[in-house]
Chemist: 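Below is the structure I would like to discuss, written out as structure tokens.
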Amino acid sequence: MAMRGVHIFTTLISFLFMLTTALAEDKKSYLARGSSVSTEDDTKTILVSPNGDFACGFYKVATNAFTFSIWFSRSSEKTVAWTANRDAPVNGKGSRLTFRKNGSLALVDYNGTVVWRSNTTATRASFAKLLDNGNLVVVDSEDQCLWRSFDSPTDTLLPLQPMTRDTKLVSASARGLPYSGLYTFFFDSNNMLSLIYNGPETSSIYWPNPFDRSWENGRTTYNSSQYGILNQEGMFLASDKLQFEASDLGDKDVMRRLTLDYDGNLRLYSLNATNGKWSVSCLAFPRVCEIHGLCGKNSFCTYMPSLQCSCLEGFEMTEPSDWSQGCRRKENITVKRDHNANDNTEQRFIFVEIPKTDFYGYDFNYTPSVTLPVCKQICLNDDGCEAFAYRKGKGECYPKALLINGKKFPDPSNEIYLKFSKVSSSQLLASKPSHICKVTEKDAYPSLQMFEGSNSKFNFGYFLSSALTLLVVEVILVTVVCWAANKWGRRPEIQDEGYTIISSQFRRFSYKELEKATEFFQEELGSGGSGAVYKGILDDNRKVAVKKLNDVIQGDQEFKSELSIIGRVYHMNLVRIWGYCAEKTHKLLVSEFVENGSLDRVLSDHLGLFPVLQWSQRYNIALGVAKGLAYLHHECLEWIVHCDVKPENILLDKDFEPKIADFGLVKLLSRGSNTHNQSKVHGTRGYIAPEWALNLPITGKADVYSYGVVLLELVKGNRVSRWVVDGEEEVEMAVKRTADVLKEKLAREDQSWLLEFVDCRLDGEFNYSQAATVLKIAVSCVEEERRRRPSMSSVVEILLSIVE
Ligand SMILES: *[C@@H]1O[C@H](CO)[C@@H](O)[C@H](O)[C@H]1NC(C)=O
Ligand SMILES: *[C@@H]1O[C@H](CO)[C@@H](O)[C@H](O)[C@H]1NC(C)=O
Ligand SMILES: *[C@@H]1O[C@H](CO)[C@@H](O)[C@H](O)[C@H]1NC(C)=O
Ligand SMILES: *[C@@H]1O[C@H](CO)[C@@H](O)[C@H](O)[C@H]1NC(C)=O
Ligand SMILES: *[C@@H]1O[C@H](CO)[C@@H](O)[C@H](O)[C@H]1NC(C)=O
Ligand SMILES: *[C@@H]1O[C@H](CO)[C@@H](O)[C@H](O)[C@H]1NC(C)=O
Ligand SMILES: *[C@@H]1O[C@H](CO)[C@@H](O)[C@H](O)[C@H]1NC(C)=O
Ligand SMILES: *[C@@H]1O[C@H](CO)[C@@H](O)[C@H](O)[C@H]1NC(C)=O
Ligand SMILES: *[C@@H]1O[C@H](CO)[C@@H](O)[C@H](O)[C@H]1NC(C)=O
């Protein structure tokens, strides 16, 4: 009796609660059992979360097709977080969402077909409500949860929504469409969170890197709890040790979502509450060509500066305008084998070498340690062999029956040999066919300006010990990322006529004019990977430096718009660009002439040709360079990462005021796949931050690292290349070792060690407290984890605070 009394009491309470909430608040905060909402109702919004962040209802996917979805209400464009019926949209006329008497929430199409329903059958189900975190739940009268949308995500994971063995994210099939696509994010059978491509013909895991062991990717397969979650600060942590974080880590008020996009890339987005726009704050693949299935078979992917698919030589697109169909041979290679005749297959086929390309998957008959002719023979002996990959150094032979997941792969030791029949090949290859077509628009990705996150926990020590050989290769690849990351920023539209005189100062020069000014490029001031620099005098007696650029980006329009940005950069610690010349193949930059040459001349002056830089001058150089970089990173119109900060690029004027040269160049120079020249790679050993080699997107923090190395050089008075012990040590290691030693010494009470560390040419004439501060800054700048490096503007602040 007492029990029943309690029950009646609670029912009454909850009824009253229902009534008051219904009266006091927006009546759309819950849906009670027995109600039904039609697609034809005036409002397509059915429920709103109490905090107003989320709404759910009918979402229009086509003129007369709707899904039942949850979306963010604070973004400027409706962004869907969850969909009940992504593969079966319902008709706009006569379809209903009903909360049935028997307790299941169901979506019913116009003709009565139930396209989706919650698995709540219990008679206890009382309400459906949308929670503040975007979770749609069905609860009983005691608020016990019976069903939740968080258990069946579509392509998006919200903060606090767990990834478990039962949940997976499936990408959309195309941008703006609800349908399930070919990419899945899930816990694989090894307990690892992975990305898999499930194509019509093949299926393959492409993340974490399938070539590496789990531990090489910083993961573990041992924890079988299979759990991952994005917390409200923006940090994702999983049981397999996968960890990544948003660039705005720590800000609890930012709305975020982790979405497996239609292109197979996993991106963490943050919402800017002011303008309602999403920005990517972390992503799995800066180099999108690593994603499988982007281009169809017999084609390969390149990314410069946007994703492109191209057919292999001798192939043509199977279906014009649809890259997923890939390419097919212009001539078939399968020549009927005459088994009676003693035919010599070798004479009927030739192999065409395609350098620096790789295809993932569909290998058969993998044979290690064989010579190239043996590998050829293996392919010849098999009618199904279309081509083979051969790794020279190791003699690894991979015959392939299908060429899929192709990408340009700038490791010179990997080559693809395509099989052609001899008859057809001569005409075929003479014509050099090659389809190139853009498959994604540039604006397919939101701005990456804020990118700061790392996509996996990295270990610099590991990198140093085993991956140094890859460094150069990786740097080539990452340059593209750095360039690309810059490109996605805001970009003013430049009219072709308008750019010739962008400001009265910045102008176009004719090649003749520059020939005259430099007296036919007589006096060379220096030369680097990007080109040689010559001294010149203009008609108005201005002294200039004229740089002949090598390997400029192809698009004229692109070149001009990048130039117009550089042309508008003006800061006393940056070399002023006066103009440019673009005539046929001639691409030149004209900049201010800086009297006293570059910092490296002074630093590596062991013959005593120049007066020794005094402490106050060094301090002033440190401050000036910091100001210049801070301007590039934070203050100028366009966010610019220098990418190659080193003493050679720091020029000194007659008062030894520093001026940074070559900023913005990384955007002007092409890194075409055919023209890789390692000496021209941006970034210089000893100065490049670890993230270059780790394949993470490059931000201003990469410049901060280089700046830290330059600071150490300024104080020590010699080049980083000389810190290496007994010629064996890698220069990166020397930086790390120096920083570690300093860290320990700076913590000491007694700072007398400074006398030994600081350039002996100063004879002890320096300010101890300033030197210690500069070294502290330097040590923090060369931190391996970029999050721990200071920003350039905070470096400026510290340096300014202790100017004498
Ligand atoms: C209802 O309509 C859908 C889509 O038009 C169709 O696939 C389904 O077979 C129909 N069901 C019935 C019972 O007619
Ligand atoms: C409904 O599905 C969820 C997730 O699949 C499960 O945990 C729950 O037990 C199911 N409920 C019922 C009543 O079957
Ligand atoms: C709930 O009721 C509907 C009809 O109102 C019926 O079609 C459905 O099968 C019922 N579900 C269960 C689990 O009884
Ligand atoms: C396994 O992962 C879970 C969830 O992340 C964690 O709580 C647990 O401590 C991990 N177990 C081990 C042995 O690391
Ligand atoms: C959000 O957008 C506003 C207006 O566009 C902008 O001023 C602000 O800097 C942005 N906030 C962040 C954190 O990006
Ligand atoms: C190649 O062979 C396929 C099937 O055997 C055939 O459909 C196709 O037309 C052939 N292509 C050429 C160019 O002969
Ligand atoms: C720097 O310029 C000053 C004045 O023009 C000159 O005396 C000095 O020798 C120059 N130093 C170097 C390193 O070129
Ligand atoms: C790369 O460029 C430099 C200078 O432009 C040149 O000396 C060198 O031979 C080139 N190397 C290759 C491999 O092309
Ligand atoms: C060193 O610089 C500090 C300013 O940071 C100043 O207060 C101090 O007097 C200087 N010491 C010497 C010995 O010049």
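Order of listing sets the numbers, starting from 1, for every ligand and every atom in it.
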Chemist: Write out the residue and atom name of the closest protein heavy atom to atom 4 (C) of ligand 4, then the distance separating them to 0.1 Å.
Modeler: S225 OG, 3.7 Å
Chemist: Could you tell me whether N767 approaches ligand 9 through its side chain, its backbone, both or neither, with non-hydrogen atoms closer than 4.0 Å?
Modeler: side chain
Chemist: Quick one: does atom 9 (O) of ligand 4 have a protein heavy atom under 4.0 Å from it?
Modeler: no
Chemist: Give a yes or no answer on whether the side chain of R219 reaches the backbone of D240 with a donor-acceptor pair at less than 3.5 Å.
Modeler: no
Chemist: Hey, does the side chain of R165 reach the backbone of Q226 with a donor-acceptor pair shorter than 3.5 angstrom?
Modeler: no
Chemist: Can you sort out which atoms of ligand 4 are near N223, meaning under 4.0 Å from one of its heavy atoms?
Modeler: 1 (C), 2 (O), 3 (C), 8 (C), 10 (C), 11 (N), 12 (C), 14 (O)
Chemist: Could you tell me if R257 sits above the aromatic ring of Y269, with its cationic atom closer than 6.0 Å to the ring centre and no more than 45 degrees from the axis?
Modeler: yes
Chemist: Can the ring centroids of Y619 and F766 be said to lie less than 6.0 angstrom from one another?
Modeler: no
Chemist: Would N275 count as a polar contact of ligand 5, with the cut-off being nitrogen or oxygen pairs under 3.5 Å?
Modeler: yes
Chemist: Exactly one of T259, L260, L283, L258 should register a side-chain contact (heavy atoms from CB on, under 4.5 Å) with R267. Which one does?
Modeler: L283
Chemist: Distance below 4.0 Å between atom 2 (O) of ligand 4 and any protein heavy atom?
Modeler: yes
Chemist: Is a donor on one side and an acceptor on the other found under 3.5 Å between the side chain of S69 and the backbone of W71?
Modeler: no
Chemist: Going by the order shown, which atoms of ligand 5 are within less than 4.0 Å of some heavy atom of N272?
Modeler: 1 (C), 2 (O), 3 (C), 8 (C), 10 (C), 11 (N), 12 (C), 14 (O)
Chemist: With only distance considered, is I802 within less than 3.5 Å of ligand 9 through an N or O on each side?
Modeler: yes
